[in-house]
There are 4 protein chains.
Amino acid sequence: MAAKRTGEKYNAIIEAAVKVIAENGYHNSQVSKIAREAGVADGTIYLYFKNKEDLLISLFQVKMGDFTAGARKELNDMQNPFAKLAKLISLHFNLLEADRHLALVVQIQLRQSNASIREGIAAPLKKYFKIIEEIFNEGVRSNVFRQDINPKLARQMIFGTMDEVATSWVMSQRHYSLKDQIIPVYNLLAQALSAPDVKIEPFPVKYI
Amino acid sequence: MAAKRTGEKYNAIIEAAVKVIAENGYHNSQVSKIAREAGVADGTIYLYFKNKEDLLISLFQVKMGDFTAGARKELNDMQNPFAKLAKLISLHFNLLEADRHLALVVQIQLRQSNASIREGIAAPLKKYFKIIEEIFNEGVRSNVFRQDINPKLARQMIFGTMDEVATSWVMSQRHYSLKDQIIPVYNLLAQALSAPDVKIEPFPVKYI
Amino acid sequence: MAAKRTGEKYNAIIEAAVKVIAENGYHNSQVSKIAREAGVADGTIYLYFKNKEDLLISLFQVKMGDFTAGARKELNDMQNPFAKLAKLISLHFNLLEADRHLALVVQIQLRQSNASIREGIAAPLKKYFKIIEEIFNEGVRSNVFRQDINPKLARQMIFGTMDEVATSWVMSQRHYSLKDQIIPVYNLLAQALSAPDVKIEPFPVKYI
Amino acid sequence: MAAKRTGEKYNAIIEAAVKVIAENGYHNSQVSKIAREAGVADGTIYLYFKNKEDLLISLFQVKMGDFTAGARKELNDMQNPFAKLAKLISLHFNLLEADRHLALVVQIQLRQSNASIREGIAAPLKKYFKIIEEIFNEGVRSNVFRQDINPKLARQMIFGTMDEVATSWVMSQRHYSLKDQIIPVYNLLAQALSAPDVKIEPFPVKYI
DNA sequence: GATGAATGAGACTTCATTCAT
DNA sequence: TATGAATGAAGTCTCATTCAT
């Protein structure tokens, strides 16, 4: 009765949902379409997910969870806040460019979901926000970032800018490379956040 | 036969739609609900709008059109790019704070719409983007803004930051004042955009 | 309150209905379309007709009434049953060929109407049936038509044949002339109805 | 996704549609009524038919297809054109008399359908027309039918007469037997079509 | 008499979810 | 576990008719 949250088919359904939503749009992604793409029967979806909404929330949680976990792991080893900022932007844009379906779904389609889906999305998003704020706070503590910026506001600028750049790119039908935006965005944000007398570190080439 | 695009009822329906969507969410805003709120019969909606989608696009176009027209008018008289930036942020946040329904609809609900509605939204949004880019370009030309930032990227940072701050505020259920964010956001963006040796102008008090 | 059954606008509305139905089909002929074609307001229709159904029945009655009255008048002066049959076919096909809108409406569109309209149509149609039967009966009485055919059946063959030929012609989009069918149909029916030893009269040229 | 065109329910829905349309009239036969009569849910209709129109076209095609296939099979074994004509009339009238609902639907209700339904109906009707013309052509080739009648016109008379007789019978609410019309109609048409010196064959008793 | 904006009942269709197999 | 045919609630839109002006 309770939905199984693991298994081969669980993942197959999630991946199918990403593909179907990316290709058909949120409002044109029926359960039956996702089931067909996943190679299972309609009813099988309900063995793994409580309902369609649960599937969509799970989709975002899984994908976002993977991303934040990966990001945290990669960033943990690093010390320099500038390098961390560079790495974050690089990870963010590389992920989207590497998976066009995911990019479409995350930047556009999933924002068409309703309130309760958004609530389900809130938790993993907050974790990502926390990572961003931590990077900023470390920079403040080590006196390389400005003391006079509210951390939350800093996060809003960092995320808002990356998100807007990514959305523009997706909406442009990806006629240019998002990776090419990594260094410009880094330079812009590093400049904006760096403390008055601190020399901004150039983008570490290896993070592209 | 052709939908009437003006008149008392036209506006009443637009306002009713904003209210209903704000209170019920995009996916729970049926035509009949909007009609009831507007005090007209369901069929009357179709005398003024081709269909539900046309109503939603019109809603955004009217509201966004009013805003960009107003913004352009207010900004036209001004010379100083810093002052213009300050004014823009002030207008943006004041509009949303003044009309809580509109804020919800613009920041959250309308982003749940489908592809064709988004297309209808694109045009007025581009006009707003253009205003932002013009402000930045003027600042570059008068040597107060950095020469080494791509104008489109500058616009993405400005809009992305304002949008993210506004969305955070709406999602927080507006437990704090968005107006209080005007000066911090201005300081942050002005700092990010200002040319190396230019002294950032403090936020003009009268623009709050 | 009671519908006016005469007047300039009454006729204008009838003619407009014929045109609109011919051009748009029965199911796509809204009251508002007919009103626009007639150059009156929607509400005005209801000053002259009880409702849409009443308009359609009236349309058929007027047109069919004109036709039967005209036919009766023309046929009254004639004596010869063969000549009368020839004249009838000629009148029938000439009327349809002369008024393409009427042809479409009578042969195709009006048959899409519902039960109560068909009932309203029945009376004028019966009058036309009566004319046909009378021609046959005269032929029987004067021994030029077969005695062994039931008059009703004779009428059904005459009307059924003319009707099928006319329908075929209308459905063919009138790529050929219906008038060219007058003589062949006459020959066929005259042959079928003529008494064994009676020489069929050739089609009187003047009736084409 | 694609509509299933076979199965137990497919037939049940077709039969239900015939009954509902016969009893309520074309314009008063809602999908929900047909579904109820068939003992299925409204949505089930759409598993078997693309839409309401598709159901109506299918209905006619199935019924007409059955009839023409049956007629062709029965007529194939026969040689004598007179006998074939007799058989055709017998089949036509017997079918309608045996299934009062079908008679109502075919003779009256389905003619109320719109253009696209009529188009869907055209193909099976043409097949029936072809059968009729073939009978006539065989009679001409074997010198028992008149050489001077255009085959298409012959078909129009045959079909037009049978159709008018059937329509009269249906409209009369079937207060008499349509079968009783078989021999009179045969005699009338055989007389009309037979070559000058050919003795008309009496109606073969076994075909009643 | 004439208008035409407004009405609102009602029809078709979709699709998330269920459940017998 | 898995299936997929069946369900039926619910939403958008049309259009004949009305009635205040």
Side-chain angles (χ1 to χ4, degrees), chain A residues 1 3-4 7-9 27-36 38-56, chain B residues 1 4 7-10 13 27-36 38-55, chain C residues 1 3-4 7-9 27-36 38-56, chain D residues 1 4 7-10 13 27-36 38-55:
Chain A
M1 189 111 292
K4 279 189 52 179
E8 196 183 311
K9 292 203 173 156
H27 291 279
N28 209 24
S29 294
Q30 294 81 358
V31 168
S32 61
K33 235 180 226 165
I34 295 169
R36 200 182 325 132
V40 301
D42 294 16
T44 305
I45 301 265
Y46 293 85
L47 297 176
Y48 292 88
F49 301 91
K50 197 150 59 70
N51 50 35
K52 187 181 182 182
E53 194 168 298
D54 182 33
L55 162 57
L56 296 172
Chain B
M1 189 116 293
K4 285 182 53 181
E8 196 183 312
K9 295 227 164 115
Y10 179 85
I13 292 166
H27 292 279
N28 208 26
S29 295
Q30 295 82 355
V31 169
S32 59
K33 237 178 227 167
I34 295 171
R36 201 182 322 132
V40 300
D42 292 18
T44 303
I45 302 266
Y46 294 86
L47 295 178
Y48 292 89
F49 302 91
K50 197 150 62 67
N51 49 36
K52 188 181 180 182
E53 193 169 300
D54 182 33
L55 163 56
Chain C
M1 188 114 292
K4 280 188 53 179
E8 195 182 314
K9 292 203 173 156
H27 292 278
N28 208 25
S29 295
Q30 294 81 357
V31 168
S32 61
K33 237 182 225 164
I34 296 171
R36 201 182 323 132
V40 302
D42 293 17
T44 304
I45 301 265
Y46 293 84
L47 297 176
Y48 291 89
F49 302 91
K50 196 149 61 71
N51 50 32
K52 188 182 182 181
E53 196 168 297
D54 181 33
L55 162 57
L56 295 172
Chain D
M1 191 111 295
K4 286 180 53 179
E8 195 182 312
K9 296 227 162 114
Y10 179 83
I13 292 166
H27 292 280
N28 208 27
S29 295
Q30 296 80 355
V31 168
S32 60
K33 237 180 227 166
I34 296 170
R36 202 183 319 132
V40 300
D42 292 17
T44 304
I45 302 267
Y46 294 86
L47 296 178
Y48 292 88
F49 302 91
K50 199 150 60 67
N51 50 35
K52 187 182 180 182
E53 191 168 302
D54 182 33
L55 162 56

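In what follows, chains are A, B, ... by sequence order, proteins preceding strands, each numbered from 1.
When both pairing distances are held under 3.5 Å, F:dT21 makes a Watson-Crick or G-U pair with E:dA2. Base pairing of E:dG10: its partner is F:dC13, meeting the Watson-Crick or G-U wobble criterion (both donor-acceptor distances under 3.5 Å).
For the pair D:Q30 and A:N51, nearest-nucleotide mapping onto DNA chain E gives the more 5' position to D:Q30. The residue among C:D42 and D:G39 whose nearest nucleotide of DNA chain F lies closer to the 5′ end is D:G39. Checking D:V40 against C:G43, the closest nucleotide of DNA chain F that is more toward the 5' end is the one next to D:V40.
The residue A:V31 sits close to a base: some heavy atom pair falls under 4.0 Å. Counting non-hydrogen atoms under 4.0 angstrom, B:Y48 reaches the backbone sugars and phosphates but no base.
Across the protein-nucleic acid pair, A:E53 atom CD and E:dC15 atom C1' stand 15 Å apart, rounded to whole Å. To the nearest angstrom, P of F:dT1 lies 16 Å from CD1 of A:I45. Taking atom CG of residue C:L56 and atom P of nucleotide F:dA16, one finds them 10 Å apart after rounding to whole Å. Here the C1' atom of nucleotide E:dT7 and the NZ atom of B:K9 are 10 Å apart, to the nearest Å. D:D54 has its CG atom 12 Å from the P atom of E:dT14, to the nearest Å. Between the CZ atom of B:F49 and the P atom of F:dT12 there is a distance of 15 Å, rounded to whole Å. What separates CG of A:L47 from P of E:dC19 is a distance of 13 Å, to the nearest Å. If you measure from atom NZ of C:K50 to atom P of F:dT17, you get 9 Å, rounded to the nearest angstrom.
The two atoms that bring D:Y48 and D:I13 nearest to each other are CD1-CD1, 4.0 Å, heavy atoms only.
The line from CD of D:E53 to CG of D:L55 is 10.5 Å long, rounded to the nearest 0.5 Å. Taken from NZ in D:K9 to CD1 in D:I45, the straight-line distance is 11.0 Å, to the nearest 0.5 Å.
With a 4.5 Å cut-off on side-chain heavy atoms, B:R36 and B:Q30 do not count as touching. No side-chain heavy atom of B:V31 sits under 4.5 Å from any side-chain heavy atom of B:K33.
Closest to the side chain of D:A41, from the set F:dT7, F:dC13, E:dC15, is F:dT7. Checking F:dT7, E:dA2, F:dT12 against every side-chain atom of D:T44, the shortest atom distance belongs to F:dT7. Of the candidates F:dT14, F:dT1, F:dA6, F:dT14 carries the atom nearest the B:Y46 side chain, counting heavy atoms from C-beta on. With E:dT13, F:dC13, F:dT7 as the choices, the nucleotide that has an atom nearest any side-chain atom of B:K52 turns out to be F:dC13.
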